[in-house]
K.L.:
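Take a look at the following structure, please.
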2 protein chains.
Amino acid sequence: MPRTTDGDGTPVPQRLLAAATRLFAEQGYDRTSVQEIVEAAGVTKGALYHYFGSKDDLLHEVYARMLRVQQERLDAFADADEPVDRRLRAAAADVVVTTIEHLDDAMIFFRSMHHLSPEKNKQVRAERRRYHERFRALVEEGQKTGVFSTATPADLIVDYHFGSVHHLSTWYRPEGPLTPQQVADHLADLLLRALRP
Amino acid sequence: MPRTTDGDGTPVPQRLLAAATRLFAEQGYDRTSVQEIVEAAGVTKGALYHYFGSKDDLLHEVYARMLRVQQERLDAFADADEPVDRRLRAAAADVVVTTIEHLDDAMIFFRSMHHLSPEKNKQVRAERRRYHERFRALVEEGQKTGVFSTATPADLIVDYHFGSVHHLSTWYRPEGPLTPQQVADHLADLLLRALRP
DNA sequence: TTACACATACCGACTGGTTAGTCTGGCCCG
DNA sequence: CGGGCCAGACTAACCAGTCGGTATGTGTAA
């Protein structure tokens, strides 16, 4: 058996990714040396450059993983067979819970975009846009059917909500008074109340 | 006369700060070398280390400048002789306009906090907390007097709004369809609508 | 008014340290 | 016994901050 796993049973690539995620979130991308990552994962540089092309690749993988998960979840909520306000509320609350559950990923996402190589940056932006557009479509559907106010452009609504999601990694602390679900309910309520006609 | 100015008449320290602000926003703090900054300002390292103690000092100065301006403006709006909903709306809209007018500063603010030395970081956090608390006091005043809904804790309201302000540096482009004032009006309206009882 | 001392403003080569990525070689499983 | 998997020394480049030096202005005393 190839020794892609160690005593703990987790495959080396995943150990590297987990170590990198934690360190990037704690110290920032540039402040984290490749040496630190491999030490935290219990391997050496040889292993890292066997599985990943560059330090940059590691960062890109964090983005890809997060975008994949969020897009899948959004699609599921948006496609549900419910009134549009219920679908939007569910999607808006879910992204809050998911973001809190992966606060490290979120921290890295919004703080380290500019550290990606130009091509990877472009790719991430494109996927992100796809995500936003799906969300915006929900808002527009509600506006067209008169369920939501049309006072504010749907684009702005989306940026408004994702601003607050983005901001979570700055202020949310697990030891704080609110559970992820409570925060999600509050933020979704705020969105829906702002959208009342 | 000491030659603290050059052909363009701007004093050297301010030229350095302006160059650093632009470069930090464009490339990030760690990716910007001291050499680049001094070249952009048309001086050399000797000049930089004559006026500033470290690269870190330069970053801290950006933060201090921004916090000073925002706090002054908030205080002015909060102290005005008007109903609380008008005061909150004015303050909420003003911070949006000011942030858009200094998008580089805002970008650096939210992206580079963790690059500050621990003491400076602590200091910035303290000033920022003071700012938030002043804003929160406005929300609480409105909630106590029944002008705003009490469904959501005031803390969360503040983070909700500043999330969207924070996010501006990610999506707002001067060449886009909305003027800073229009964006500010929309975001302030969203906040006030979410607060309707 | 001149001359000398001192301070401020700045220059730019240099140093000590760090880093991403490479490469050769060896281990071990099938 | 061969190739996927990995070790770890090595390289080439870069960077923050230092330091001795120069130039220009200001105060002071003969």
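Naming convention: chains lettered A, B, ... in sequence-line order (proteins, then strands); numbering from 1 in each chain.
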K.L.:
Would you say A:H50 places a side-chain N or O within less than 4.0 Å of OP1 or OP2 belonging to D:dC5?
P.N.:
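Yes, within the criterion.
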
K.L.:
Checking A:K55 now: which residues fulfil salt bridge (charged side-chain N to carboxylate O under 4.0 Å, His left out) with it, not counting sequence neighbours?
P.N.:
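Expected list: none.
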
K.L.:
Can you confirm whether the side chains of B:S169 and B:R111 place a donor and an acceptor under 3.5 Å from each other?
P.N.:
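The criterion, which ignores hydrogens and geometry beyond distance, is not satisfied for B:R111 and B:S169.
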
K.L.:
Specify the separation, in whole Å, of atom CG of B:L48 and atom C1' of C:dG12.
P.N.:
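For the pair B:L48 CG and C:dG12 C1', the rounded distance is 14 Å.
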
K.L.:
Starting at CG of A:L59 and ending at P of C:dA20, how long is that distance when rounded to a whole Å?
P.N.:
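Result: 13 Å.
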
K.L.:
In whole angstrom, what separates A:D57's CG from C:dA20's C1'?
P.N.:
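Going from CG in A:D57 over to C1' in C:dA20 covers 13 Å.
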
K.L.:
Just to verify, what does A:D189 make a side-chain hydrogen bond (donor to acceptor under 3.5 Å, both in side chains) with, not counting sequence neighbours?
P.N.:
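Listed in chain order: A:R89.
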
K.L.:
When every nucleotide of nucleotides 12-18 of chain D is labelled 5' to 3' by its protein contacts under 4.0 Å (heavy atoms), B for base, S for sugar-phosphate only, - for none, what sequence of letters results?
P.N.:
---SBBB

K.L.:
Could you give the CZ-to-C1' distance, from A:R15 to D:dC6, as a whole number of Å?
P.N.:
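Whole-Å distance recorded here is 12 Å.
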
K.L.:
So, taking the atom named CG in A:L191 and the one named CZ in A:F162, what distance separates them when rounded to the nearest 0.5 Å?
P.N.:
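Interatomic distance, A:L191 CG to A:F162 CZ, rounded to 0.5 Å: 9.5 Å.
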
K.L.:
Minimum heavy-atom separation for B:S164 and B:L187, please, with both atom names.
P.N.:
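Result for this residue pair: OG-CD1, 4.1 Å.
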
K.L.:
Is the closest side-chain heavy-atom distance between B:V95 and B:Y131 below 4.5 Å?
P.N.:
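They are in contact (side-chain heavy atoms under 4.5 Å apart), so the answer is yes.
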
